[in-house]
Amino acid sequence: MQHFGGLDADKAAQRHPQLNVRFPLSVSLIRTEKRDVTLGETMPRILVTGASGRIGQAFFAAFQEQYDFVLTDLNEPEYPVSGPHRFVQSDLTDANASDTLCQGIDEVVHLAGVPDPDAAFADVLPANILATTYLIEAARKASVSHFVYASSAQTIEGYPVDRQIVSGMAVAPANLYGVSKCYGEALCSLYATKHGMSCVSLRIGSFEPADGPPLETKRDLSAWLSHRDATHLIDRAIQAEINGSFIAHGISDNRFKRLDLTETCKVLGYAPQDDAFSTFPIPTS
């Protein structure tokens, strides 16, 4: 299974008939401030899947003093991991792997999956559908109460590119990858409703470095998520005490926004700082 190193995959702008499906957004929230870990205090133990990917690497680098990380991926990370943190190589498509990983874990951040919008069903079935199902069930059995799921803006890519997506709109995937992410969001809703878990799904946009190549279209600018804002968003998703399931929008504070951030900022306390239209050249298309 590949990791989430290719979250920029939702650059595709195909159109697809809208699906008449809505996920419940019933949420009650107690907002919390960032935990200040003092000497002798136990840091929350966070399982991060897909930890060798770009978002996993960025999140670990930004918050390794804040959390006790258990990192996992099919591939060894290209960055050093030292105590108290540890890396466990695993294949989440193995139904038994998640049971071991979730033991002693406080919260799960699930970044792993195949991110290719052109992926066939045979690829997304084990990596995005079965692996996510195995992991959230293992988290439930291990009494992990909080689950953060990396979804994608591909869940709504079937809408016209000039239409802004607001909270509560029906999903409209434009490819099977997007469909697999809709499944993950629905799965989080099920486990929140049936098992009382706290779940946050993050619809990640175009995750690209600020010093990287220019983005190709204005749509890419409107869906951009910077490294700084991505790590802040994940941290807020971990710390917000959600009673139920919430779908958050994962983009930066771009001048024009593919996804509206009003509810995400309100519910999670998300405060993005970057703007693609001030960071990259403005494309003509």
Side-chain angles (χ1 to χ4, degrees), residues 3-10 23-25 27 29 31 46-51 53-60 62-63 67 107-115 128 131-132 135-136 139 146-157 165-169 171 173 177-178 180-189 191-192 197-208 223-242 244-254 257-274:
H3 52 66
F4 241 35
L7 274 170
D8 53 305
D10 51 345
F23 298 147
L25 291 175
V27 171
L29 170 74
R31 282 179 50 183
I46 310 295
L47 171 65
V48 177
T49 71
R54 296 180 302 145
I55 290 184
Q57 179 175 348
F59 183 58
F60 175 72
F63 285 93
Y67 299 116
E107 308 194 36
V108 171
V109 176
H110 182 34
L111 303 178
V114 169
N128 293 8
T132 302
L135 181 63
I136 198 169
H146 197 58
F147 192 90
V148 177
Y149 171 64
S151 184
S152 170
Q154 285 292 322
T155 56
I156 50 79
E157 196 58 33
I165 308 305
V166 299
S167 297
M169 288 176 63
V171 295
Y177 165 66
S180 74
K181 289 301 173 179
C182 292
Y183 172 82
E185 292 181 357
L187 192 67
C188 287
S189 179
Y191 272 72
M197 291 182 68
S198 172
C199 299
V200 180
S201 298
L202 305 176
R203 287 180 173 171
I204 304 295
S206 298
F207 181 73
E208 298 288 352
W224 182 59
L225 177 64
S226 71
H227 283 54
R228 172 169 58 175
D229 289 340
T231 58
H232 166 61
L233 177 64
I234 295 171
D235 178 55
R236 294 312 308 165
I238 290 172
Q239 294 201 36
E241 297 184 11
I242 300 293
S245 180
F246 178 68
I247 296 175
H249 290 169
I251 64 171
S252 289
D253 189 23
N254 306 316
K257 299 176 179 64
R258 172 65 164 157
L259 300 93
D260 178 68
L261 290 177
T262 303
E263 284 301 305
T264 299
C265 293
K266 178 182 177 181
V267 172
L268 298 186
Y270 178 50
Q273 301 182 55
D274 297 315

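All of these numbers come straight from a predicted model, not from anything done at the bench.
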Minimum heavy-atom separation for [X] to [Y], with atom names?
X	Y	result
H232	G269	NE2-O, 4.0 Å
S226	S252	N-OG, 2.9 Å
A248	V200	CB-CG1, 4.4 Å
G250	L233	CA-CD2, 3.5 Å
E263	F246	O-CZ, 3.8 Å
L268	A240	CD2-CB, 3.8 Å

Enter the distance from [X]:[atom1] to [Y]:[atom2] here, rounded to the nearest 0.5 Å.
X	Y	atom1	atom2	answer
C188	Y183	SG	OH	10.0 Å
I156	I165	CD1	CD1	4.5 Å
K181	S201	NZ	OG	9.5 Å
S151	L187	OG	CG	11.5 Å
C182	R203	SG	CZ	7.0 Å
H146	I46	NE2	CD1	8.5 Å

- Item | CA sep, side-chain torsions, deciding dist, call: L202, I234, side chain to side chain contact (heavy atoms under 4.5 Å, CB included) | CA-CA 8 Å; L202 305 176; I234 295 171; 4.0 Å; yes
Judged by atom type as modelled, is there a donor-acceptor pair below 3.5 Å linking the side chain of [X] to the main-chain atoms of [Y]?
X	Y	result
N128	V114	yes
H249	D260	yes
W224	E208	yes
R236	Y270	no
S189	S245	no

- Would you please classify the geometry between the F147 ring and the H110 ring as parallel, tilted or perpendicular, with 30° and 60° separating the classes?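 Answer is tilted, since the angle falls between 30° and 60°.
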Can you confirm whether [X] sits close enough to [Y] that some side-chain heavy atom of one is under 4.5 Å from a side-chain heavy atom of the other?
X	Y	value
P173	S180	no
T155	I247	no
R258	E157	yes
V48	F60	no

- Hey, mind stepping through F207 and H227 against side chain to side chain contact (heavy atoms under 4.5 Å, CB included) and telling me if it holds? CA-CA 7 Å; F207 181 73; H227 283 54; 3.5 Å; yes
- Run the numbers on L259 and T264 for side chain to side chain contact (heavy atoms under 4.5 Å, CB included), then give the verdict. CA-CA 10 Å; L259 300 93; T264 299; over 6 Å; no
- Do D229 and Q273 pass the side chain to side chain contact (heavy atoms under 4.5 Å, CB included) test, and can you show the C-alpha distance, the side-chain angles, and the key distance before you say yes or no? CA-CA 7 Å; D229 289 340; Q273 301 182 55; 4.0 Å; yes
